[in-house]
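The structure under discussion is supplied below as structure tokens; questions concerning it will follow.
By convention here, the first residue in the shown sequence is residue 1. One-based numbering, in listed order, for ligands and for the atoms of each.
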Amino acid sequence: MKIVRFAAEGKTRYGILNGSAIQVVEEKPFRRIVTTDKYYELKKVQLLAPCTPTKIIALGLNYHDHARELKVPVPDSPLTFLKPSTAVIGHGDNIIYPSASHRVDYEGELAVVIKKPVWRVATRDALKYVLGYTCFNDVTARDLQKKDSQWTRAKGFDTFAAVGPWIETELDLKKVEIETYLNGKLKQSGSARGLIYSIPEIINFISHVMTLLPGDIIATGTPSGVGPMYPGDTVEVKIKQIGTLRNFVVANGSKPA
Ligand code: MG
């Protein structure tokens, strides 16, 4: 099932996407899903980021090949950092190139959306707390990441967390292939089988640090092939079982949507 969040007729709603039709659901789709008999056509609505996280927890260096390309050792426990909720944008939105950076990279990732509050969960129970999965672009000011010992600035600019286009609730994690395209050219290609820490292990680890809340996002890390983007570029993160998240890079000066 594909869960969308969208704007139509001046209101924000959640719905279930079936082909090109969206069936509106009554409330936020976390606790339960109550369908209505109201429908919208996908092409007539504006898709929004599919959830509104209180926080985004991202994994650094969770693929061996990405650690190799950055010439840094693989961490001996999951390396996590936060991205602020104000960085979130949805499918079709602009990524704003900040004037403080001269090197802004794409990082295509598989993201997990949390379904219900979770604290100190065992690895074997962790997936019960997952609503579904979506595509994520962990946009990074690489020059500032190298300069600052904390990554708050490099990872935290407004528009630096692209999420969407929707949440897929059923995913065969063994068959997830993550691809990133820049202006239509394939730049990153990785399998979620290459994750150093699995999704249940990551949820177990994070939930022993902080309580995860409905709609919170875990970005599971990027495979190799990261590289720069510039104003005028179109960037896409594609996970076949989910869909394609497309965003446009624009120069600083435009206001976030
Ligand atoms: Mg990343």
Working to the nearest 0.5 angstrom, can you tell me the gap between Leu171 CG and Leu173 CG? 5.0 Å
Exercise: identify the closest heavy-atom pair between Leu61 and Ile196: O-CD1, 3.8 Å
Please confirm whether the ring centroid of Phe205 lies under 6.0 Å from the ring centroid of Tyr197. no
Taking every heavy atom of Asp105 against every heavy atom of Arg103, the minimum-distance pair comes out as OD1-NE, 2.5 Å
Kindly compute the distance separating OG (Ser20) from CD (Glu41), expressed to the nearest 0.5 Å. 6.5 Å
When you check the space around the Mg ion (ligand 1), which protein N, O or S atoms turn up under 2.8 Å? Glu107 OE1, Glu109 OE2, Asp138 OD2
Beyond-backbone contact of Ile33 with Met1, side-chain heavy atoms, under 4.5 angstrom: yes
